[in-house]
Structures are given as structure tokens and as C-alpha cells.
Amino acid sequence: MGKIKVKDFNLTHTLDCGQIFRINRVNDWYFVNAQDNFFKIKQIRNEIEFHGVDKEFVVHFFSLNENLPKILKEINKDKYIEKSIDKYRGLRLIKQDPWECLISFICSSASNIPRIKSKLKALSECFGKKITLDGVCNYTFPPPGKINDYGKIMDAKTGFRARYILEANNTIDTKHLNSLRTQPYNLAKNELKKINGVGDKVADCVLLFSLGFNQAFPVDTWIKKTVQLLYFDNNNVSNDRIREFGLDYFGAHAGYAQQYLFMYSRNDLNKGSSLLMA
DNA sequence: AGACAGGGGAGTG
DNA sequence: CACTCCCCTGTC
């Protein structure tokens, strides 16, 4: 176990914004599965406590070494995003395993968070290894090569994504995925898009959530609606233009802006406290 | 009951 | 670009 003091960190916002899906909350504790790790973590004010992984893992996983106040200052371009930053301050990008991240977001297409969670849980239970923490049982995420039975992948309710998952399982080399970290953004993205089932949105999620490309600005339907409303006078704009806008307007940490806008649009935009009423 | 869309993507024209 | 289909499931 371990405890560390944290600054500018909010565990709940960080785990609740759809970056990772294998999480269970039990009272104050979050039980988190990430690749081969299974740990629990809770936050009380400016302190986090964790069991099952070491301090070094926690600091890296939650990007606690990134200067969040500086990043938020950089992306705080107007009163709209400022409102979101005020509400969700402490949300940080998570550094995931690229393979698990890739499969997670292939599963996300035309789906929603509860259903993505159910697919990943089923895949882990079927192809992963059992792992326990404090008497609680769970499963590791199966590496490439292990998700090798089409029928069982279908049984995980993955639907039309099953063939993408099987093909990725048979062809992806984790060393190749990791090598993309040092490539320029566009090159790394084009490499990812060669994988069937991976388009612009999924590629940007993998770049942002696992490969350290903070400028990636994934455009999903929520972000599209929100950006159109706030910055394009609610006119219909192509996903390409939304993404270009995001990068140009918010800069090197556009991905952080995307997460803060996403949280606000998903949780608050339709509840009477619209960003436009700022 | 039946249509519809949900944090997309591929294939076609 | 604009369209259609893909599996499935909750929702209206």
C-alpha cells in the first residue's frame, strides 16, 4: 500500500470521464484494472491511498508529474471552457497500456459507456488471467495473441467489432504500438488508422490516452455538437474541421481541452446550466 | 410494437 | 462528400 499527497488532482473526475472502462467503485474505493494490474485507490482531500501497485506506477498512470495548472492556463481560452475547467479541475489524462486502449476504443464505436464496460469485462473474463486483491477477484487484460476465438469474442457482445478485434489480435505487435510514441503525430495516427476498425476518432483516443500525444483532439458526437454550438454558431461542420479547430485553438494540450469540454457537454449542457449561459 | 440512435468505421458511388 | 450497413440494446 502507499499514500501520497497530491496537488491539482481529482480522482473521481479522472476516472469518470470515459478514458478507462474497467473500474468498479465500492464505497470510497475505486477498484481499477489496467493491463496486468489490479489495484484500489481512494482520495481524501489532498491525499490518495492505494493498494496493489507502487507509487511510481500511480504517479505515471495518473500523469501526476504533468504541470496541470500550467496546462489549464494554456487551454483556458474563453469563458465557456473556463466554466468547465472550474467545475472539473483536477481531471488528468491517464497513461494507459496502448493495446488495452486500442481494443477498448474499437469496442466504443457506435456504443456507450455501460456497454463498452460490459464488453471489456467479458473479454477479460474469457481470455485474461484471474487476479485477486484483498479477496476481490478480477481479470487481467489479455495481450495480443490471446483474444483468439471469434465465437467467444462474439459472445462478449462485441457485434460487428468482433472481426476487428480478432484481426488486431492476430496482427498487432505491442513493440510497434509503443514505437509510435516517438513519431510525429500525423505519422503515428496514420499508422494506427491502418488497423481495421480504427478511424480518426479511435486513433486520436489511443494517441491521447496511451501514447502521450496531448494535442490529439478526438471528435465524437458530443464534442461535435458542443464545438458547433460554442464556436461555429451551431452550424454543421465536418469532423475534420472540428479537429483542426481544436488543435489550432487550444494548442499543444488540446486533448485536455477535449476532456474538459466532453465532461461539461455530457453532464451539464442539457441540464439548464449550459456553457452558453456563462 | 417498431423505429431509432448510441463517444464509428468501411465500403461504395 | 453523402450514403448504407454493421451487431446489439435501451429508449421513446
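Residue numbers begin at 1 in each chain, while the letters A, B, ... track the order of the sequences. What's counted below: heavy atoms across the whole structure, side chains too, no hydrogens, waters or symmetry copies.
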Are the side chains of [Y] and [X] in contact, using a 4.5 Å heavy-atom criterion?
| X | Y | value |
| --- | --- | --- |
| A/K95 | A/S210 | no |
| A/T158 | A/Y164 | no |
| A/L64 | A/V6 | yes |

Check every strand shown and say whether [X] touches a base, only sugar-phosphate, or nothing at a heavy-atom separation below 4.0 Å.
| X | result |
| --- | --- |
| A/C17 | base |
| A/I153 | nothing |
| A/F105 | base |
| A/I113 | base |
| A/G197 | sugar-phosphate |

_N/O (side chain, A/K157) to phosphate O (OP1/OP2, C/dT9) under 4.0 Å_ = yes
Atom [atom1] of [X] to atom [atom2] of [N]: distance rounded to whole Å?
| X | N | atom1 | atom2 | answer |
| --- | --- | --- | --- | --- |
| A/Y150 | C/dC6 | OH | P | 12 Å |
| A/N239 | C/dC1 | CG | C1' | 12 Å |
| A/N236 | C/dC3 | CG | C1' | 15 Å |
| A/F160 | C/dC8 | CZ | P | 11 Å |
| A/R115 | C/dT11 | CZ | P | 12 Å |
| A/N112 | C/dC8 | CG | C1' | 10 Å |
| A/N196 | C/dC5 | CG | P | 20 Å |
| A/D155 | C/dT9 | CG | C1' | 17 Å |

*Going by an N to O cut-off under 4.0 Å, is there a salt bridge joining A/E100 and A/R22?*
yes
Pair [X], [Y]: side-chain N/O donor-acceptor within cut-off below 3.5 Å:
| X | Y | answer |
| --- | --- | --- |
| A/D204 | A/Y185 | yes |
| A/T226 | A/Y80 | no |
| A/N234 | A/Q228 | no |

*Whenever both distances are under 3.5 Å in a Watson-Crick or G-U wobble pair, mark it; put DNA chain B into dot-bracket that way, with [ ] for crossing pairs and | when the partner is on another strand.*
.|||||.||||||
*Hey, quick one: are A/L68 and A/F61 part of the same hydrophobic cluster, counting side-chain heavy atoms closer than 4.5 Å, chains of contacts allowed?*
no
Separation of the [atom1] atoms in [N] and [M], to the nearest angstrom:
| N | M | atom1 | result |
| --- | --- | --- | --- |
| B/dA1 | C/dC6 | C1' | 23 Å |
| C/dC7 | B/dG2 | P | 22 Å |
| C/dC1 | B/dG7 | P | 25 Å |

*Ring center gap for A/F105 and A/F209 short of 6.0 angstrom*: yes
*Contacts to DNA chain C from residues 202-221 of chain A, heavy-atom cutoff under 4.0 Å, which residues?*
none
*5'-most by nearest nucleotide on DNA chain B - A/F262 or A/K193*: A/F262
*How do A/S111 and A/I195 order along DNA chain B: which one's closest nucleotide is nearer the 5' end?*
A/S111
_Partner of A/C107 by side-chain contact (heavy atoms from CB on, under 4.5 Å), out of A/V202, A/I165, A/L102_ = A/I165
*Looking at C/dC6, does its base get a donor-acceptor pair with the side chain of A/R161 below 3.5 Å?*
no
*Taking the inter-plane angle between the rings of A/F245 and A/Y231 on a 0 to 90° scale, is it parallel (under 30°), tilted (30 to 60°) or perpendicular (over 60°)?*
tilted
_Under a 3.5 Å distance rule, please check whether A/R161 uses its side chain to pair with a backbone N or O of A/S109 as donor and acceptor._
yes
*Cation over ring, A/K224 on A/W222, under 6.0 Å and within 45°?*
no
*Just the endpoints, please: which first and last nucleotides of DNA chain B, 5' to 3', lie under 4.0 Å from a heavy atom of chain A?*
B/dG6 to B/dA10
